[in-house]
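Contents: one structure, followed by commentary.
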Amino acid sequence: MRFIVVSLFILLSAGCAITKQPAEPLALPLKPTLKSETYQLEYKTGHASPKVKSVQLPAHKVTRGQTVRITTDKASVTDTLLKQITQALNDKGLEVTDSKNSDYTLAIHQLDLAFTDDTKYALTQPENPYPLFAKVAQQYPTQQCATILAQVSMRITHRASGDVVWFAKSSIDSASFHREPLLFSFAQEQKITNELEVATFVHQQNTEQARIARAGKEVTVPPFKTITKLSSLTKLQGPCTRTEVSALTPMMQYYLSSILIDKIKVQ
């Protein structure tokens, strides 16, 4: 009996000695520090001065203190623009009235807004070009932006005689009005291309069966691989889309109206 017990002990000890101990779990390698640098691009276009034509006839002198009634039958005028035109006439020394017995009538004949051909903005080279500039300049040499042409025309008539005393017209396009350069930014970024592959490899090597299979063997986790990519452009400044350009129109109409009223010769 004692012999049997000793024999069992020896067999069990031998079995334990033969069984492999599983290898240690693999750890995910540390991710590399990814670099990212941001750059700016500036685009400019040529600008034109507003086109203005103003003719004042000498039949009737316009003098300070005389009254003017504004009519808007031929154009859609917002309350804000009407107030601005009223203030501009007051600043010239004329009194705006609703009375039909006014000395003069100022008729707003035209307040036109229309999209025209897009404006092309060209990339400007910085004083100290960064290494990527040449590559980006080839990829994004120009920008196309929506453009609105605004036109305003007015006429002043002497009420008593019906004589035309003054008539004027002005126009400007949206690019020449706001005069801002377009600013864009882009980034040069490093990205990991095989993150999923590395995580999958580590997961597969950490199963119980895989740990036993690689016991005593050296297994190397594949390193992370990176590539450098350029991001798409992001606009920082300057109206360009139709919505952005359309938001300029109230200011464009006020600007043109102010130019015209400033041309009225008041004695």
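Only heavy atoms go into these numbers, but all of them, side chains included; no hydrogens, no water, no symmetry mates.
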With a 3.5 Å cut-off and sequence neighbours excluded, list the donor-acceptor pairs that the side chains of residues 123-138 form with protein atoms.
| unit_1 | atom_1 | unit_2 | atom_2 | d |
| --- | --- | --- | --- | --- |
| Thr124 | OG1 | Glu42 | O | 3.0 |
| Thr124 | OG1 | Glu42 | OE1 | 3.2 |
| Tyr130 | OH | Gln40 | O | 3.1 |

For residues 71-83, dump all side-chain donor-acceptor pairs below 3.5 Å to protein atoms at least two apart in sequence or in another chain.
| unit_1 | atom_1 | unit_2 | atom_2 | d |
| --- | --- | --- | --- | --- |
| Thr78 | OG1 | Leu81 | N | 3.1 |

Mind listing the side-chain donor-acceptor pairs of residues 177-187 below 3.5 Å, one per line with the distance, residues two or more places apart or on another chain?
| unit_1 | atom_1 | unit_2 | atom_2 | d |
| --- | --- | --- | --- | --- |
| His178 | ND1 | Glu180 | N | 3.0 |
| His178 | NE2 | Tyr121 | OH | 3.4 |
| Arg179 | NE | Ser176 | O | 3.1 |

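Not one N or O on the side chain of Thr67 forms a donor-acceptor pair closer than 3.5 Å with the backbone of Ser102. Between the Gln56 side chain and the Lys265 main chain, a donor and an acceptor come within less than 3.5 Å of each other. Although no hydrogens or angles enter the test, the distance criterion places no donor-acceptor pair under 3.5 Å between the side chain of Asp91 and the main chain of Thr86. The backbone N or O of Gln205 sits less than 3.5 Å from a side-chain atom of Arg214, completing a donor-acceptor pair. Asp112 places no side-chain N or O within 3.5 Å of a backbone atom of Gln151 that could act as its donor or acceptor partner. At distances below 3.5 Å, not a single donor-acceptor pair connects side-chain atoms of Arg69 with backbone N or O atoms of Thr97. In this structure, Asp173 contributes its side chain and Ala175 its backbone to a donor-acceptor pair below 3.5 Å. Under the 3.5 Å distance criterion, the side-chain polar atoms of Asn206 are matched with a main-chain donor or acceptor of Leu26.
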Go through Leu196 and Val198 one step at a time and tell me if the side chain to side chain contact (heavy atoms under 4.5 Å, CB included) criterion holds.
CA-CA 6 Å; Leu196 179 60; Val198 173; over 6 Å; no
Show your working on salt bridge (charged side-chain N to carboxylate O under 4.0 Å, His left out) between Glu189 and Lys35 and close with a plain yes or no.
CA-CA 6 Å; Glu189 303 170 317; Lys35 296 179 181 179; over 6 Å; no
What's the verdict on side chain to side chain contact (heavy atoms under 4.5 Å, CB included) for Gln188 and Tyr39, showing C-alpha distance, side-chain angles and the deciding distance?
CA-CA 8 Å; Gln188 180 180 245; Tyr39 303 90; 4.2 Å; yes
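The shortest distance between side-chain heavy atoms of Phe201 and Pro222 falls below 4.5 Å. Taking 4.5 Å as the limit, every side-chain heavy atom of Leu57 sits out of range of all side-chain heavy atoms of Asp163. No side-chain heavy atom of Ser170 sits less than 4.5 Å from a side-chain heavy atom of Lys51. The side-chain heavy atoms of Ile192 and Asn194, taken from C-beta on, include a pair separated by under 4.5 Å. A heavy-atom distance below 4.5 Å is not found between the side chains of Gln190 and Ser36. Side chains of Gln21 and Ile212 form no contact here, defined as non-hydrogen atoms less than 4.5 Å apart. Looking at heavy atoms from C-beta onward, Ile148 lies out of side-chain contact with Leu248 at the 4.5 angstrom threshold. Residues Tyr255 and Pro50 form a side-chain contact, since some pair of their non-hydrogen atoms from C-beta on lies under 4.5 Å apart.
Nearest heavy atom pair, residue Pro250 against residue Ser246, reads CD-O, 4.1 Å. Residue Ala150 comes nearest to Met252 through the heavy atom pair CB-CE, 3.6 Å, listed as atom of the first residue, atom of the second, then distance. Shortest non-hydrogen contact noted between Glu95 and Gly65 is OE1-O, 4.3 Å. Between Pro32 and Thr226, the shortest heavy-atom distance links the atoms CG-CG2, 3.9 Å. A pairwise comparison of heavy atoms in Ala122 and Thr142 identifies CA-CG2, 4.4 Å as the closest pair. Counting all heavy atoms, side chain and backbone alike, Ala146 lies closest to Asp118 at CA-OD1, 3.6 Å.
The number of heavy atoms from other shown groups lying within 6.0 Å of CG (Leu30) does not exceed 12. Within a 6.0 Å sphere centred on NE2 of His47, heavy atoms belonging to other residues, nucleotides or ligands number more than 12.
Side-chain contact annotation: Thr119 with Thr147, donor-acceptor N/O pair under 3.5 Å present.
A salt bridge links Glu244 with Lys235: at least one charged nitrogen is closer than 4.0 Å to a carboxylate oxygen. The pair Lys31-Glu195 meets the salt-bridge criterion, since a charged nitrogen lies less than 4.0 angstrom from a carboxylate oxygen.
Under the 4.5 Å side-chain heavy-atom criterion for ILVMFWY residues, no single connected hydrophobic cluster contains both Ile261 and Val164. Linking ILVMFWY side-chain heavy atoms closer than 4.5 Å, directly or via other members, places Leu111 and Val52 in a single hydrophobic cluster. By the criterion of side-chain heavy atoms lying less than 4.5 angstrom apart, applied directly or through intervening Ile, Leu, Val, Met, Phe, Trp or Tyr residues, Leu113 is not grouped with Leu256; the two fall into different hydrophobic clusters. Hydrophobic clustering places Val221 together with Leu28 (ILVMFWY residues linked when any side-chain heavy atoms are closer than 4.5 Å, directly or through intermediates). The cluster map of Ile, Leu, Val, Met, Phe, Trp and Tyr, joined by side-chain heavy atoms under 4.5 Å apart, puts Leu41 and Leu236 in different clusters.
The ring-ring contact (aromatic ring centres under 6.0 Å, His included) pairs that include a residue from residues 73-117 are Tyr104-His158, where partners are two or more places apart or lie in different chains.
A distance of 13.0 Å separates CE of Met251 from OG of Ser258, quoted to the nearest 0.5 Å. To the nearest 0.5 Å, atoms CD (Gln110) and CE (Met154) are separated by 11.0 Å. Going from atom OG1 of Thr63 over to atom CG of Asp103 covers 7.5 Å, rounded to the nearest 0.5 Å. In this structure, the separation between CD1 on Ile259 and OG on Ser171 is 9.5 Å, given to the nearest 0.5 Å. Here CZ of Phe167 is found 11.0 Å from OG of Ser153. Values are rounded to the nearest 0.5 Å. To the nearest 0.5 angstrom, Gln143 atom CD is 11.5 Å from Lys120 atom NZ.
Under the side chain to side chain contact (heavy atoms under 4.5 Å, CB included) criterion, Thr33 pairs with no residue, sequence neighbours left out. Val266 is linked by a side chain to side chain contact (heavy atoms under 4.5 Å, CB included) to Val62, Arg64, Lys92, Leu94, Ile264, counting only residues two or more places apart in sequence or in another chain.
Only one option out of Val55, Thr105, Ile156, Thr157 pairs with Val165 in a side chain to side chain contact (heavy atoms under 4.5 Å, CB included); it is Ile156.
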